[in-house]
Engineer: 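Can you keep this structure in mind? I'll have questions shortly.
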Amino acid sequence: MKLSSRLDTIKNKVTDHYDHIWDCCCDHGQLGVALLSSQPKSVIHFVDVVDELMVDLESQLQKHASAIQSQWKVHCMDVANLPLVKGKKNLIIIAGVGGDLSIELVHSIQTRNSDIELEFILCPVLHNYMVRCELIEMGFGLLSETLVKENKRFYEVLHISNQTAKPIAPVGSDMWNLSDSDHQEYLKKTISHYQRMEANPKCTSRVSKLYMNLQLDVGIELF
């Protein structure tokens, strides 16, 4: 099955070897199934809290991937309680959920596993600025980041680690290519979004100015 642009971008970030890859909130498991092929030396864990989805997914895996059953596991559980394998290299992928839940899950996993190396690939739905600020507060650094457009919506894909010193920028850094019209469109929409919020007299945030500085840095006039 052909992956969506968003899931394909996530899959292509998995270039190193990981002993265990955790595909969290995996819905129908398309990403994890693709990783079974691209990462044959890793154990792929499919994790979601929705029992019906996981029963169906396990049935499909038993049907189509029984020959490599040692390479995958299905967990119906709260992602916050992932049983990470200590002493092994783990990658946790959390995609398709809101920014608030993404941060809640990362914080819970970090708290339970503060003594081991942690790598995440995150692709939150909305609230990317807040997600980035929370990750900075938790001490994570950036491995890579990509902006992707899918079905007229934009997603930020962040690959982070608690073992790298490269800082995460609150408004993004490496992901931007402001000579690209899609990136210009996303920046303009983001600035407009925060300007609408800041029009409320009770709002003290000035996030829009941080994004506006990006266009000034490269001399692009969006408004």
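Since this is a predicted model, take the numbers as computed values, not measurements.
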Engineer: Please tell me whether Ile103 and Ile92 are part of a single hydrophobic cluster in this structure, the criterion being side-chain heavy atoms less than 4.5 Å apart.
Structural biologist: yes
Engineer: List the steps and the verdict of side chain to side chain contact (heavy atoms under 4.5 Å, CB included) for Leu105 and Cys24.
Structural biologist: CA-CA 10 Å; Leu105 295 175; Cys24 302; over 6 Å; no
Engineer: Determine, for Arg132 against Glu137, whether the closest basic-nitrogen to carboxylate-oxygen distance falls under 4.0 angstrom.
Structural biologist: no
Engineer: Using the rule given for side chain to side chain contact (heavy atoms under 4.5 Å, CB included), can you reason through Leu187 versus Gln215, listing the C-alpha separation, both sets of side-chain angles and the distance that settles it, and then say yes or no?
Structural biologist: CA-CA 8 Å; Leu187 180 57; Gln215 62 172 331; 4.1 Å; yes
Engineer: Can you name the residues that form a ring-ring contact (aromatic ring centres under 6.0 Å, His included) with Phe154, not counting sequence neighbours?
Structural biologist: Tyr186
Engineer: Could you state whether Val131 and Val79 fall into the same hydrophobic cluster, counting links through intermediate Ile, Leu, Val, Met, Phe, Trp or Tyr residues with side-chain heavy atoms under 4.5 angstrom apart?
Structural biologist: yes
Engineer: If we count only N and O atoms by modelled type, under 3.5 Å, do the side chains of Gln71 and Ser42 hold a donor and an acceptor together?
Structural biologist: no
Engineer: Between Lys89 and His17, which heavy-atom pair has the shortest distance, and what is it?
Structural biologist: CD-O, 3.3 Å
Engineer: Run the side chain to side chain contact (heavy atoms under 4.5 Å, CB included) test on Met54 and Met77 for me, step by step, so that the C-alpha distance in whole Å, both residues' side-chain angles and the decisive distance to 0.1 Å come before the verdict.
Structural biologist: CA-CA 10 Å; Met54 303 315 288; Met77 64 179 299; over 6 Å; no
Engineer: If two hydrophobic side chains count as joined below 4.5 Å and joins carry through other members, does Val43 share a cluster with Val14?
Structural biologist: no
Engineer: If you look at every heavy atom in Ser102 and Val97, which pair is closest and at what distance?
Structural biologist: OG-CG2, 3.4 Å
Engineer: Does any non-hydrogen side-chain atom of Phe140 lie less than 4.5 Å from one of Ser161?
Structural biologist: no
Engineer: I'd like to know if Lys166 pairs up with Asp174 as an ion pair, taking the criterion as any Lys NZ or Arg NE/NH1/NH2 lying under 4.0 Å from an Asp or Glu carboxylate oxygen.
Structural biologist: yes
Engineer: Do other residues, nucleotides or ligands put more than 12 heavy atoms under 6.0 Å from the CG atom of Asn200?
Structural biologist: yes
Engineer: More than 12 heavy atoms of other residues, nucleotides or ligands under 6.0 Å from CD of Gln69: yes or no?
Structural biologist: yes
Engineer: Return the OH to OH distance between Tyr194 and Tyr211, rounded to the nearest 0.5 Å.
Structural biologist: 5.0 Å
Engineer: So does Lys86 pair up with Asp115, basic N to acidic O under 4.0 Å?
Structural biologist: yes
Engineer: Check whether more than 12 heavy atoms from other residues, nucleotides or ligands sit under 6.0 Å from atom NE2 of His20, and answer yes or no.
Structural biologist: yes
Engineer: Can you classify the ring geometry of His75 versus Trp22 as parallel (below 30°), tilted (30 to 60°) or perpendicular (above 60°)?
Structural biologist: tilted
